[in-house]
Protein chains: 2
Amino acid sequence: MVSKLSQVDKRELEEALAQNGLRATRQREHVYSVLMGQRDHPTADEVYARAKEAMPSISLATVYNCLETLVECDLVKRLSYEREPSRFCPNDGDHAHFLDEQSGRVFDIVLPESFVREMTQVLPHGFEAKKVKLSFTGYAPKDKAVETRVPQDSTPKQTAPTQ
Amino acid sequence: MVSKLSQVDKRELEEALAQNGLRATRQREHVYSVLMGQRDHPTADEVYARAKEAMPSISLATVYNCLETLVECDLVKRLSYEREPSRFCPNDGDHAHFLDEQSGRVFDIVLPESFVREMTQVLPHGFEAKKVKLSFTGYAPKDKAVETRVPQDSTPKQTAPTQ
DNA sequence: CACTAAATTGGAATGATTCCAAAAATCAAT
DNA sequence: ATTGATTTTTGGAATCATTCCAATTTAGTG
């Protein structure tokens with residue numbers, strides 16, 4: 001699972017960092033490679049765990065910092081669902097997310113370019129969108145083999161469940 | 001500022017609660033009326049503060065419970081932005097949200113019905129969306145007097161409902 | 001190599017939200 | 001109405017993802 005960053009990805013990262021006046025560091029590169037190497041939607045903690053495999057000295061605070069940086073540089077998307085820690089995925093062009101209520105899985109939904117353009121057109125004159133987030137919740141087809149897990153929330157509500 | 005719930009709204013609330021097997025309580029009605037009475041996007045804390053004006057005995061935990069209940073009943077939308085407490089707004093049909101990065105204000109963006117229909121069409125076959133969330137982040141026009149959230153220590157004043 | 005600004009680090013602090021167990025309120029059936 | 005079963009409310013404690021902090025290390029520049 002120790003996947004290095006491709007030359008292309010590495011350059012893309014360095015460029016994006018430079019563009020934002022940020023430095024290229026071992027940790028940033030490594031966190032990015034962790035995300036690129038396993039394309040699901042891990043939490044910061046999970047990224048931390050994965051990152052430590054090849055870089056045991058990295059700290060949780062740094063993982064948070066790096067993730068934040070990557071999001072700022074628009075190399076990574078952050079998704080947050082209620083009651084759950086943020087999840088991160090490398091930004092592979094415009095896509096939405098679909099959370100399957102039954103399985104807790106998250107699916108990437110590719111968005112046609114034309115639709116992305118249309119999305120910003122619903123804004124009244126004068127609004128300038130820097131980021132757009134589209135997310136669905138509902139039922140995904142049972143047989144879909146796509147990835148990712150958002151653990152099902154089995155926490156009982158305040159009131160005890162019947163029986 | 002003490003706005004009662006209209007008969008229509010009250011019935012709608014009671015029906016929605018009944019439909020979900022939940023009881024109609026003073027607190028739930030009051031929290032709902034607080035949200036309906038000032039159409040911005042308050043946090044739970046802000047709702048708590050407003051609710052206490054007319055019902056000083058209500059607790060923060062209850063406000064959280066009520067808000068959760070209202071969201072479940074689909075009478076209220078919950079918006080959550082990174083690094084910020086959830087915000088709530090009464091659910092007035094399909095609309096997106098726009099967060100102005102500079103002022104922190106949230107604007108409701110009306111969505112044409114045709115667009116709402118199109119949104120669900122980006123889903124691959126087999127995906128059934130129960131909820132869709134569209135949210136923008138960026139710069140809003142400075143002069144827009146549209147719906148905003150109220151800064152914590154401002155004197156409560158009448159806000160004209162949007163749309 | 002030396003300097004300066006930026007980044008990393010571990011641990012402590014934060015704060016929105018949830019949990020808990022007791023008290024109160026609601027609803028249904030007497 | 002009264003009772004009884006169930007839900008809801010409540011205050012305070014607990015949780016836990018995330019941020020903050022001050023000290024150390026590192027990257028980039030000349």
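Below, each value reflects all heavy atoms present in this structure, side chains not excepted, and no hydrogens, waters or symmetry copies. Within every chain, numbering begins at 1; the chains are lettered A, B, ... in the order of the sequence lines, protein sequences first and strands thereafter.
The side chain of Thr25(B) places no N or O atom within less than 4.0 Å of a non-bridging phosphate oxygen (OP1 or OP2) of dT7(D). Of the side-chain N and O atoms in Arg28(B), one or more sit less than 4.0 angstrom from OP1 or OP2 of dT8(D). The shortest distance between the side-chain N/O atoms of Ser57(B) and the OP1/OP2 oxygens of dT9(D) is not below 4.0 Å. Taking only side-chain nitrogens and oxygens, Gln27(B) never comes nearer than 4.0 Å to OP1 or OP2 of dA25(C).
Atom C1' of nucleotide dT10(D) and atom OH of Tyr48(B) are separated by 10 Å, given to the nearest angstrom. Atom pair Arg23(A):CZ and dA6(C):C1' shows a separation of 4 Å (rounding to whole Å applied). When rounded to the nearest whole Å, the span between OH of Tyr32(A) and C1' of dA7(C) equals 20 Å. Counting to the nearest Å, the P atom of dC19(C) and the CZ atom of Arg83(A) are 9 Å from each other. Residue Tyr64(A) contributes atom OH, which lies 17 Å from atom P of dG11(C) at whole-angstrom precision. To the nearest angstrom, P of dC16(D) lies 15 Å from CG of Leu60(A). Whole-Å rounding puts the Glu29(B) CD to dA25(C) C1' distance at 15 Å. The interatomic distance linking Glu84(A) (CD) with dT18(D) (C1') rounds to 16 Å, in whole Å.
Counted within 6.0 Å of CD on Gln102(B), heavy atoms from surrounding residues, nucleotides or ligands total more than 12; the atom is thus considered enclosed. More than 12 heavy-atom neighbours from other residues, nucleotides or ligands sit within 6.0 angstrom of CD on Glu118(A).
One axis for each end of the helix from dC1(C)-dG30(D) to dT30(C)-dA1(D), each built from five base pairs, and the angle between them comes to 40° at 10° resolution.
Put simply, the side chain of Glu29(B) never gets that close to the backbone of Arg26(B): no donor and acceptor are under 3.5 Å apart. The main-chain N or O of Gly93(A) is found under 3.5 Å from a side-chain atom of His95(A) such that the two form a donor-acceptor pair.
Comparing Ser59(B) and Gly21(B), the nucleotide of DNA chain D nearest to each residue sits closer to the 5' end for Gly21(B). Toward the 5′ end of DNA chain C lies the nearest nucleotide of Ala44(B), the other residue of the pair Ala44(B) and Ala24(B) mapping further downstream. Residue-to-nucleotide proximity on DNA chain D shows that, of Asp45(A) and Ala61(A), the 5′-proximal contact is made by Asp45(A). For the pair Leu22(A) and Glu82(A), nearest-nucleotide mapping onto DNA chain C gives the more 5' position to Leu22(A).
Within the 4.0 angstrom heavy-atom criterion, base atoms lie near Thr62(A). Nucleic acid contact class of Asn65(A) (heavy atoms, under 4.0 Å, all strands): base.
Aromatic ring orientation, Phe107(B) versus Phe127(A): perpendicular (interplanar angle above 60°, classes split at 30° and 60°).
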Yes or no on salt bridge (charged side-chain N to carboxylate O under 4.0 Å, His left out) for Arg39(A) and Asp92(A), after CA distance, side-chain angles and deciding distance? CA-CA 10 Å; Arg39(A) 306 294 286 264; Asp92(A) 220 5; 3.1 Å; yes
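Salt bridge present: Asp40(B) and Arg50(B) bring a charged side-chain N and a carboxylate O closer than 4.0 Å.
Note: the hydrophobic cluster containing Leu99(A) does not contain Tyr139(A) (ILVMFWY, side chain heavy atoms under 4.5 Å, direct or indirect links).
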